[in-house]
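So the structure is just underneath, and the comments pick up after that.
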Protein chains: 2
Amino acid sequence: MEYDVYVQTCPTRLVLDRLADKWAVLVLGKLDDKPVRFNQLKREIDGISQKVLSQVLKKLERDGLVSRSVFATVPVTVEYAITPLGRTLALTVTALTRWAEENIEAVLKAQQKYDRSA
Amino acid sequence: MEYDVYVQTCPTRLVLDRLADKWAVLVLGKLDDKPVRFNQLKREIDGISQKVLSQVLKKLERDGLVSRSVFATVPVTVEYAITPLGRTLALTVTALTRWAEENIEAVLKAQQKYDRSA
DNA sequence: AAATATGGTATCCAATGGAAACTTAGGAGA
DNA sequence: TCTCCTAAGTTTCCATTGGATACCATATTT
């Protein structure tokens with residue numbers, strides 16, 4: 001393996017930067033089920049702003065992880081879908097959100113203990 | 001399951017925020033092998049600053065994912081180790097770094113294609 | 001006396017993030 | 001015709017964050 005994320009200039013750092021983004025993780029998780037339109041994503045990912053959703057989708061599209069399809073309806077319909085490459089990644093990012101849901105109580109308990117002792 | 005990362009106020013979002021951090025992912029990956037001292041981490045995680053490393057370790061400790069041990073040597077020795085809880089998480093975050101290393105070429109190709117068409 | 005090592009904090013400035021307003025384009029309704 | 005509506009963004013503004021750099025305490029080595 002010639003790539004190593006622990007080297008500053010390694011291009012894999014770019015990927016890590018992309019994934020090390022709460023919103024990208026949530027978007028990929030949603031698209032893993034089925035293609036979704038812009039405003040539908042905005043509604044389903046509670047708390048994301050239009051600007052950030054737009055930016056995240058653009059970056060994910062550039063990385064070849066999601067595809068963007070425009071339909072000439074009125075008003076225009078834009079649908080985002082996960083690509084085959086994105087699907088391989090979605091496996092690991094959904095593992096991440098699942099871990100969060102399964103272990104949040106242990107984390108919260110640890111935080112309380114830490115805060116009490118400080 | 002009562003928790004849902006897609007709800008803005010769900011505490012699992014806190015966990016996602018923590019993991020959605022390039023540096024936290026790299027630190028956990030390093031500590032998964034063996035306990036490591038502060039400056040050793042700093043050397044091995046190319047490009048991280050002392051301030052950020054210090055902050056990340058403090059947050060990971062608060063979340064119960066790493067433990068911190070101080071030894072009264074001269075100069076003082078501080079060793080960071082992964083906890084059992086952290087170890088369960090390390091499985092998924094190393095999957096992430098592995099994905100980055102295995103798929104970076106596909107991502108770079110997608111980016112070039114995207115940039116050419118724009 | 002000066003340099004070295006450890007494990008940090010403090011300070012400063014640039015970059016990022018989110019909230020809210022604005023935009024574009026084509027219907028639908030009055 | 002004039003106004004309103006929706007989808008899918010873009011722009012603007014301000015607060016927070018991020019990283020680079022300098023600094024600190026302590027003790028040994030040169």
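So you know, we letter chains A, B, ... as the sequences are listed, proteins then strands, and number each from 1.
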Could you state the interatomic distance from [atom1] ([X]) to [atom2] ([Y]), rounded to the nearest 0.5 Å?
X      : Y      : atom1 : atom2 : value
L53(A) : W23(A) : CG    : CH2   : 9.5 Å
L60(A) : L31(A) : CG    : CG    : 8.0 Å
L91(A) : R87(A) : CG    : CZ    : 9.0 Å
D32(A) : L89(A) : CG    : CG    : 9.5 Å
Q55(A) : I48(A) : CD    : CD1   : 9.5 Å

Protein-nucleotide distance ([X], atom [atom1]; [N], atom [atom2]), rounded to Å:
X      : N       : atom1 : atom2 : answer
L57(A) : dG9(D)  : CG    : C1'   : 11 Å
R43(B) : dT4(C)  : CZ    : C1'   : 13 Å
E44(B) : dG7(C)  : CD    : C1'   : 16 Å
F71(B) : dG7(C)  : CZ    : P     : 11 Å
I48(A) : dA20(C) : CD1   : C1'   : 16 Å
N39(A) : dT10(D) : CG    : P     : 13 Å
I45(A) : dG17(C) : CD1   : P     : 16 Å
Q40(B) : dG8(C)  : CD    : P     : 15 Å

Enumerate the protein-to-nucleotides 22-30 of chain C contacts in which both atoms are nitrogen or oxygen and the separation is below 3.5 Å.
none

Taking the side chain as every heavy atom from C-beta outward, state whether T12(B) and L14(B) have any atom pair closer than 4.5 Å. no
Let me spell it out: for each of Q55(A) and R37(A), pick the nucleotide of DNA chain D with the closest heavy atom. Which residue's pick is nearer the 5' end? R37(A)
Can you spot which of T94(A), I82(A), T97(A), T92(A) makes a side-chain contact (heavy atoms from CB on, under 4.5 Å) with L28(A)? I82(A)
What nucleotide among dA8(D), dG8(C), dG9(D) has an atom nearest to a side-chain atom of S54(B)? dG8(C)
Examine [N]: is either OP1 or OP2 under 4.0 Å from a nitrogen or oxygen in the side chain of [X]? Give yes or no.
X      : N       : answer
K51(B) : dC12(C) : no
T73(A) : dA7(D)  : no
Y80(B) : dG8(C)  : yes

Decide, yes or no, whether a salt bridge links D21(B) with K59(B) under the criterion of side-chain N to carboxylate O below 4.0 Å. no
Less than 4.0 angstrom from a charged side-chain N to a carboxylate O is my criterion; do R13(A) and D46(B) meet it? no
Mind checking K42(A) for me? I need base, sugar-phosphate or nothing, with any heavy atom below 4.0 Å counting as a touch. nothing
Is the closest side-chain donor-acceptor distance between E102(A) and Y3(B) under 3.5 Å? no
Whether the Q40(B) and R37(B) side chains hold a donor-acceptor pair (N or O, under 3.5 Å, no angle test) is what I'd like checked. no
Rounding to 10 degrees, work out the angle separating the end axes of the helix from dA1(C)-dT30(D) to dA30(C)-dT1(D) (five pairs an end). 30°
Give me the residues of residues 13-35 of chain B where at least one heavy atom lies under 4.0 Å from an atom of DNA chain C, by number, or none. none
Just by distance, do the side chain of Y6(A) and the backbone of L26(B) share a donor-acceptor pair under 3.5 Å? yes
